[in-house]
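Numbering of ligands and ligand atoms starts at 1, following listing order.
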Amino acid sequence: MARDESIRRVCLIGFMGAGKTTVGKVLARRLGWLFQDLDEAVERRQGKSVAEIFAENGEAEFRRLESVALEGLLSGNATPGSLVIALGGGAFAHPDNRRALEKAGATTVLLEAPLPELRRRCVGDGRTRPLAEDEKQFEQLFAARHSVYELAQARVDTMNKAVEQVAAEIEQMVVAATKPEVKQ
Ligand code: S3P
């Protein structure tokens, strides 16, 4: 089926602590679009937290649920209209998800920050992240995902910037990429 080109999907990607959810909410407000958080979509569907899914069903099952939830958000069935989506830190690392994003014509924006800053934010925000508990594993994942994050279409450095500023930078990119409507 042909895609409705007027419906946009802007997906924020990046490592844990990059600020995807926080920035995503502000960006959606600025654009007048809806916001969806992929982790929350998984939690809603399963009726349990990401940490519980990891503990009870394992990471592989979480990844499967994550892909299903992403397909749902990209299809637009649940939320008509343009959408800002905050992906979980590992979602973009999976080729099937990247293919789904490409097929949906989603714009991918990488939020960047140095590793110590990401660690600091994760420790400070009170969320339980199964893959952030062990500092060594956190560092190894960061290194392992580096090259895949480079595949994002755009990137924004978040270091020493207010959330509103990061959102404004992305908003400008989105607006600049919007083709003017052809009047018939
Ligand atoms: C993960 C990141 C988390 C969440 C899950 C796995 C990852 O989301 O999806 O704990 O693999 O990096 P945030 O990036 O929003 O913390």
Side-chain angles (χ1 to χ4, degrees), residues 9-28 34-74 78 83-101 106-159 161 163 166-167 170:
R9 298 278 183 267
V10 170
C11 296
L12 304 185
I13 70 157
F15 204 62
M16 291 171 269
K20 303 174 294 286
T21 303
T22 314
V23 170
K25 284 180 183 163
V26 175
L27 175 63
L34 290 172
F35 171 75
Q36 289 283 329
D37 181 87
L38 183 56
D39 283 340
E40 277 172 23
V42 173
E43 290 177 337
R44 256 197 322 271
R45 280 164 173 259
Q46 297 312 115
K48 48 187 177 181
S49 70
V50 169
E52 283 167 341
I53 299 169
F54 264 77
E56 292 167 21
N57 312 95
E59 180 173 354
E61 177 61 3
F62 171 73
R63 296 300 170 199
R64 192 188 67 76
L65 297 168
E66 185 178 49
S67 295
V68 172
L70 180 62
E71 290 273 3
L73 294 180
L74 293 174
L83 202 61
V84 175
I85 306 174
L87 265 58
F92 195 68
H94 289 258
D96 285 353
N97 295 339
R98 291 202 300 278
R99 269 192 289 276
L101 289 163
T107 302
T108 50
V109 182
L110 171 65
L111 301 190
E112 292 184 299
L115 182 64
E117 173 66 9
L118 295 167
R119 183 92 202 134
R120 192 189 64 75
R121 292 182 194 166
C122 283
V123 170
D125 75 0
R127 281 183 51 199
T128 307
R129 293 181 176 84
L131 300 180
E133 266 153 34
D134 181 85
E135 192 168 352
K136 197 93 214 113
Q137 184 186 27
F138 190 81
E139 281 175 28
Q140 281 166 354
L141 261 184
F142 180 77
R145 287 183 184 160
H146 185 76
S147 59
V148 99
Y149 286 150
E150 305 267 306
L151 299 171
Q153 291 162 351
R155 55 172 65 196
V156 177
D157 183 8
T158 65
M159 195 63 186
K161 286 181 192 165
V163 171
V166 176
I170 304 170

Exercise. Do Arg121 and Thr22 meet the criterion of a side-chain donor-acceptor pair at a distance under 3.5 Å?
Worked result: no

For this session: Check whether any side-chain heavy atom of Thr128 lies under 4.5 Å from a side-chain heavy atom of Ser49, and answer yes or no.
Result: no

Exercise. Is any side-chain heavy atom of Arg155 less than 4.5 Å from a side-chain heavy atom of Glu150?
Worked result: yes

Exercise. To the nearest 0.1 Å, how far is atom 2 (C) of ligand 1 from its closest protein heavy atom, and which atom is that?
Worked result: Gly89 N, 3.4 Å

Seminar exercise, completed: So CG of Leu70 and CD1 of Ile85: to nearest 0.5 Å the spacing works out to 6.5 Å

Exercise. Can you list the ligand 1 atoms lying under 4.0 Å from a non-hydrogen atom of Gly88?
Worked result: 8 (O), 9 (O), 14 (O)

Exercise. What atoms of ligand 1 come within less than 4.0 Å of a heavy atom belonging to Pro130?
Worked result: 10 (O)

Exercise. With a 4.5 Å heavy-atom cut-off, do Leu151 and Thr108 have their side chains touching?
Worked result: no

Exercise. Relative to atom 11 (O) of ligand 1, which among Glu59, Arg129, Arg63, Lys20 owns the nearest non-hydrogen atom?
Worked result: Arg63

For this session: Identify, for atom 12 (O) of ligand 1, the protein heavy atom at the shortest distance, and state residue, atom and that distance.
Result: Arg145 NH1, 2.7 Å

Exercise. Between the candidates Thr128, Ile13, Asp39, which shows the shortest non-hydrogen contact distance to atom 8 (O) of ligand 1?
Worked result: Asp39

Seminar exercise, completed: The atoms of ligand 1 lying under 4.0 Å from a heavy atom of Val50, numbered in the order shown, are 5 (C), 10 (O)

Seminar exercise, completed: atom 7 (C) of ligand 1 sits nearest the protein heavy atom Gly90 N, 3.3 Å

Problem set entry | Residues Asp39, Arg127: salt bridge by 4.0 Å N-O rule | yes

